[in-house]
Amino acid sequence: MSDQVLSALEHFFARWQRDGEARRGLPLCEWEADWRSPCQLGEPADGRVAWRPHQRPEPADFTAMADALELTIHPCAIALFGHWFSRPIPCLFKGLRLELILPWNDGDLDLLRENLIGHLLMLRKLKRTPSIFIATTRNEMTLISLDNESGQVWLEWLDSGRRLTLAPSLPAFLERLETLPQ
């Protein structure tokens, strides 16, 4: 399943780059000298720098996070977060606007792990099944999450615990994402 996630993610990035770069050229983001990323291309100009998703030379390790939580992290989540650096990617899933979350650099990956641990501990305290958030929506109380047990992708309401299945798997979810302009 991890290979299917990586393949679906590569295809999505290719579509996103092709569509976005054809419309406007390379995406730009704010340049932060102390928050660099291998995604950055060229030198900054006017406080902004061009970027593209960048595949990590070695996958990130989630063993310490899993051990701390005494939880096996779903391999699809590890494949999603552990193989690429990127800015959040705006996209649509069946008309729902979202931003796919990926780490910008190793420091951002550490922050992502900390946030995932906090999210999983909150769910544990609320006696809900574990989920890994993978995207944000315009509503801060609604996330796109990966069910850590089944691998299904959910629209999850944090305030009520309600969950709606969006896709049977992360690869199926990634394959249905539509690109949006940056």
Side-chain angles (χ1 to χ4, degrees), residues 1-22 26-27 37-41 51-94 96-117 119-120 123 129-137 143-156 163-180 182:
M1 185 65 80
S2 294
D3 289 345
Q4 292 173 348
V5 170
L6 296 176
S7 177
L9 196 55
E10 286 178 30
H11 286 106
F12 172 69
F13 284 150
R15 284 193 326 268
W16 180 78
Q17 286 175 286
R18 181 193 66 231
D19 295 349
E21 290 176 21
L26 289 168
S37 171
C39 298
Q40 296 170 325
L41 304 170
W51 68 277
R52 275 195 185 128
H54 176 82
Q55 191 164 13
R56 295 173 57 98
E58 294 292 322
D61 185 7
F62 287 81
T63 306
M65 179 180 149
D67 290 347
L69 291 166
E70 298 177 345
L71 179 72
T72 301
I73 306 298
H74 198 284
C76 288
I78 293 171
L80 176 67
F81 295 133
H83 286 78
W84 287 85
F85 289 121
S86 177
R87 302 285 298 173
I89 307 265
C91 48
L92 289 173
F93 181 84
K94 296 183 178 181
L96 175 65
R97 186 180 172 94
L98 58 98
E99 281 194 341
L100 190 63
I101 298 169
L102 292 157
W104 180 240
N105 55 31
D106 284 322
D108 198 27
L109 180 59
D110 291 339
L111 292 173
L112 176 62
R113 283 188 191 112
E114 289 174 19
N115 287 329
L116 287 170
I117 288 169
H119 176 75
L120 288 160
L123 292 175
T129 56
S131 66
I132 309 287
F133 58 81
I134 61 169
T136 59
T137 67
L143 295 173
I144 308 301
S145 300
L146 177 74
D147 176 13
N148 196 57
E149 295 171 3
S150 70
Q152 291 180 333
V153 177
W154 295 333
L155 179 61
E156 182 172 18
R163 296 167 169 174
L164 173 71
T165 302
L166 297 178
S169 67
L170 185 55
F173 175 79
L174 293 169
E175 289 167 4
R176 300 266 333 248
L177 289 180
E178 298 173 46
T179 64
L180 275 177
Q182 274 284 28

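Residues take their numbers from the sequence shown, with the count starting at 1.
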Any donor-acceptor pair under 3.5 Å linking the side-chain atoms of Thr129 with those of Arg163?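 Side-chain D/A pair, Arg163 to Thr129: present.
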
Mind checking the [atom1]-[atom2] spacing from [X] to [Y]? Nearest 0.5 Å is all I need.
X: Ser86; Y: Leu100; atom1: OG; atom2: CG; value: 7.5 Å
X: Arg87; Y: Leu102; atom1: CZ; atom2: CG; value: 11.5 Å
X: Arg176; Y: Leu92; atom1: CZ; atom2: CG; value: 12.0 Å
X: Asp147; Y: Thr165; atom1: CG; atom2: OG1; value: 8.0 Å
X: Ile89; Y: Leu177; atom1: CD1; atom2: CG; value: 10.0 Å
X: Gln55; Y: Leu6; atom1: CD; atom2: CG; value: 7.0 Å

On a heavy-atom basis, which atom in [X] and which in [Y] lie closest, and how many Å separate them?
X: Pro103; Y: Leu112; result: CD-CD2, 4.2 Å
X: Met65; Y: Ile117; result: CG-CG1, 3.7 Å
X: Ala77; Y: Ile132; result: CB-CG2, 3.9 Å
X: Phe81; Y: Phe133; result: CZ-O, 3.3 Å

With a 4.5 Å cut-off on side-chain heavy atoms, are [Y] and [X] touching?
X: Phe62; Y: Leu109; result: yes
X: Trp51; Y: Leu26; result: no
X: Glu10; Y: Phe13; result: no
X: Ile144; Y: Leu96; result: yes
X: Ser131; Y: Asn148; result: no
X: Leu146; Y: Cys76; result: yes
X: Leu71; Y: Pro130; result: yes
X: Asn115; Y: His119; result: no

Can you name the one residue among Leu174, Thr179, Leu98 that meets side-chain contact (heavy atoms from CB on, under 4.5 Å) with Cys91?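 One option only clears the test, and that one is Leu98.
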
Any donor-acceptor pair under 3.5 Å from Gln40 side chain to Ser37 backbone: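 Checked: pair present.
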
Could you check Leu41 against Arg52 for side chain to side chain contact (heavy atoms under 4.5 Å, CB included), going step by step and ending with a plain yes or no? CA-CA 7 Å; Leu41 304 170; Arg52 275 195 185 128; 3.8 Å; yes

May I ask you to decide whether Asp106 forms a salt bridge with Arg56, counting only side-chain N to carboxylate O separations under 4.0 Å?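 Salt bridge flag = yes for Arg56 with Asp106.
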
Give me the ring orientation class for His54 and Phe85: parallel if the planes are under 30° apart, tilted from 30 to 60°, perpendicular past 60°.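 The rings of His54 and Phe85 lie parallel, inter-plane angle below 30°.
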
